[in-house]
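I have placed the structure first, in the form of structure tokens, so that the comments after it can refer back to it.
No hydrogens, no waters, no symmetry mates; every other heavy atom, side chains included, goes into these values. Below, chain A is the first sequence line, B the second, and so on; all start at residue 1. All values reported here derive from a predicted model rather than from experimental measurement.
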Protein chains: 2
Amino acid sequence: MGKVRENLAECSLPAALESMGERWAFLILRAAFNGLHHFEEFQQELGIARNILANRLARFVEHGIMERASVPEDRRKIVYNLTPKGSALLPTMIALRQWGERWETGEPAFPILVDVRDGRPIQEVAVLSHDGRKLSKHDLHWALPGDVPVDTPAA
Amino acid sequence: MGKVRENLAECSLPAALESMGERWAFLILRAAFNGLHHFEEFQQELGIARNILANRLARFVEHGIMERASVPEDRRKIVYNLTPKGSALLPTMIALRQWGERWETGEPAFPILVDVRDGRPIQEVAVLSHDGRKLSKHDLHWALPGDVPVDTPAA
DNA sequence: TATATAGGTTTTATAATAAAACTCGCAAAT
DNA sequence: ATTTGCGAGTTTTATTATAAAACCTATATA
């Protein structure tokens, strides 16, 4: 139990925050998810200072969240694209956005995100148990290696 | 289509970031989820500067993320507790933590979070369609009011 | 009554952010 | 072929946020 509290400091939230905890990080990411690719696009959409934007993009590239490539057809242009690692931040970003909708702005803000296949709204991002029950903070518990039941197949 | 891009700036991510976008915000929140309640506990656990901690806690209270109450048994003491609004940040926080585990630190970091009922690890936080399919960014689309099919019950 | 504790505030130093002007390589127009 | 303009930054200077340390006040404990 004391062992749990001791190890808690080593959860990977601090590591995640190294790249995402800075101001503008989430907003640049959102813009990237919305299809922006170029320095000037980010700058004009967000109104961020150019030096800060340059710094953030460089940091994203360093951390493998975006990749930077020059466009052959117009060699002035650079494209920034989300890597798989960057794309993997989608649940985090949508969870934060949904929280903002529910608790800051007020529910039905348009446009809303829908499944492209059937046009229906996505679910609220939630913490789920292995069998799909929605979990709150009271349903959670920290476990050390020995305590965790291994998912043993029947055969 | 231009209408979608136009409205995009008004998604609630910026509103959410007003309280959560500052340095230390997620780490204080994590500590609160882990059962810390007092100023000195936060300070010692995180090593954050006292003035910054005071500022963050006050901000959380202002934004309704935590509530501040004094303890009757010892009137020096103050407890900070997560409100429902604060607790609702759990999916965001766990999503970010899981991302850090997967892409920054490397998978099996202990202790891990398990369902208190059966002791089994929780699922990865994901974006799901209305019928539970896992969605990536390519499966998502912005929709304006008219485009969204309403969930019409049969009767 | 003296001493320690909890939860801050104040002061001062340092680092991050912002606004504006500037640079440099390339492309397009004249 | 030269000028003009664009894309992607950098530099400079001003402002704001963060940090470390000392200090303060009300309460509790010895």
Side-chain angles (χ1 to χ4, degrees), chain A residues 9 13-14 16-32 34-63 65-83 86, chain B residues 9 13-14 16-32 34-63 65-83 86:
Chain A
L13 195 58
L17 288 170
E18 187 123 347
S19 37
M20 295 306 299
E22 293 172 299
R23 202 168 311 204
W24 290 108
F26 274 99
L27 292 176
I28 294 170
L29 195 72
R30 173 188 64 159
N34 286 329
L36 303 200
H37 296 288
H38 298 286
F39 188 95
E40 304 292 333
E41 289 179 323
F42 289 114
Q43 203 281 318
Q44 284 171 38
E45 171 82 18
L46 302 177
I48 180 177
R50 304 176 69 81
N51 53 349
I52 303 302
L53 176 58
N55 179 287
R56 291 298 176 278
L57 288 173
R59 210 172 162 73
F60 277 162
V61 171
E62 270 176 42
H63 281 75
I65 289 170
M66 285 186 174
E67 63 190 1
R68 180 186 188 279
S70 69
V71 178
E73 300 87 62
D74 183 344
R75 298 191 39 226
R76 291 170 304 180
K77 290 189 182 172
I78 299 289
V79 282
Y80 288 95
N81 278 303
L82 290 167
T83 61
Chain B
L13 196 58
L17 288 169
E18 187 122 347
S19 37
M20 296 305 301
E22 294 173 297
R23 202 168 310 204
W24 290 107
F26 274 99
L27 292 176
I28 293 170
L29 195 72
R30 173 188 64 159
N34 285 329
L36 302 201
H37 295 287
H38 298 285
F39 187 95
E40 305 292 333
E41 289 179 324
F42 290 115
Q43 204 282 317
Q44 283 170 39
E45 171 82 19
L46 302 176
I48 179 176
R50 303 176 69 82
N51 53 349
I52 301 302
L53 176 57
N55 179 287
R56 291 299 175 276
L57 288 173
R59 211 171 162 73
F60 277 162
V61 171
E62 270 177 42
H63 281 76
I65 288 170
M66 285 187 176
E67 63 190 2
R68 179 186 188 279
S70 69
V71 179
E73 301 88 62
D74 184 343
R75 296 190 39 224
R76 291 170 305 180
K77 290 189 182 172
I78 301 287
V79 282
Y80 288 95
N81 278 303
L82 289 168
T83 61

Work out which heavy atom in A:Pro14 is nearest to a heavy atom in B:Leu27; give both atom names and the distance. CG-CD2, 4.0 Å

So does A:Arg50 pair up with A:Glu40, basic N to acidic O under 4.0 Å? yes

Can you tell me if B:Arg68 touches the phosphate of C:dG8, counting only side-chain N or O atoms and a distance under 4.0 Å to OP1 or OP2? yes

Does the side chain of A:Trp24 get closer than 4.0 angstrom to OP1 or OP2 of C:dA18 through an N or O atom? yes

What string of B, S and - do you get for nucleotides 21-30 of chain D 5' to 3' if you count protein non-hydrogen atoms under 4.0 Å? ------BS--

Would you mind reading off the distance between B:His37 atom NE2 and C:dA6 atom P, rounded to a whole angstrom? 15 Å

Considering the options B:Leu82, B:Ile28, B:Asn55, which one meets the side-chain contact (heavy atoms from CB on, under 4.5 Å) requirement together with B:Phe60? B:Ile28

At 4.0 Å (heavy atoms only), tell me whether A:Tyr80 reaches a base, stays on the sugar-phosphate, or touches nothing. sugar-phosphate

Protein-nucleotide distance (B:Leu53, atom CG; C:dT10, atom P), rounded to Å: 16 Å

Closest listed nucleotide, where the reference is the side chain of A:Ala54 and the choices are D:dA19, D:dG9, C:dG8: D:dG9

Figure out the CD1/C1' separation between A:Ile78 and C:dG25, and round it to whole Å. 11 Å

Nearest-Å distance, CD (B:Glu22) to P (C:dA15)? 21 Å

Checking B:Arg75 now: which residues fulfil salt bridge (charged side-chain N to carboxylate O under 4.0 Å, His left out) with it, not counting sequence neighbours? none

Verify, without hydrogens or angle tests, whether A:Ser70 (side chain) and A:Ile78 (backbone) share a donor-acceptor contact under 3.5 angstrom. no

Rounded to whole Å, please give me the gap between CG in A:Asn55 and P in D:dA8. 17 Å

To the nearest angstrom, how far is B:Leu36 atom CG from C:dG7 atom P? 12 Å

What integer distance in Å separates B:Glu41:CD from C:dG7:C1'? 13 Å

By nearest nucleotide on DNA chain C, pick out whichever of A:Ile48 and B:Leu57 is the more 5' one. B:Leu57

Quick check for you: among D:dA8, C:dG8, C:dA18, whose closest atom lies nearest to any side-chain atom of A:Ile52? C:dA18

Would you name the heavy atoms of A:Ala32 and A:Phe42 that are closest together and state the gap between them? N-CE2, 3.8 Å

For A:Phe39 and D:dA8, give me the distance from atom CZ to atom P, rounded to whole Å. 8 Å

Could you measure the distance from the CG atom of B:Leu53 to the CD atom of B:Gln43? Nearest 0.5 Å is fine. 7.0 Å

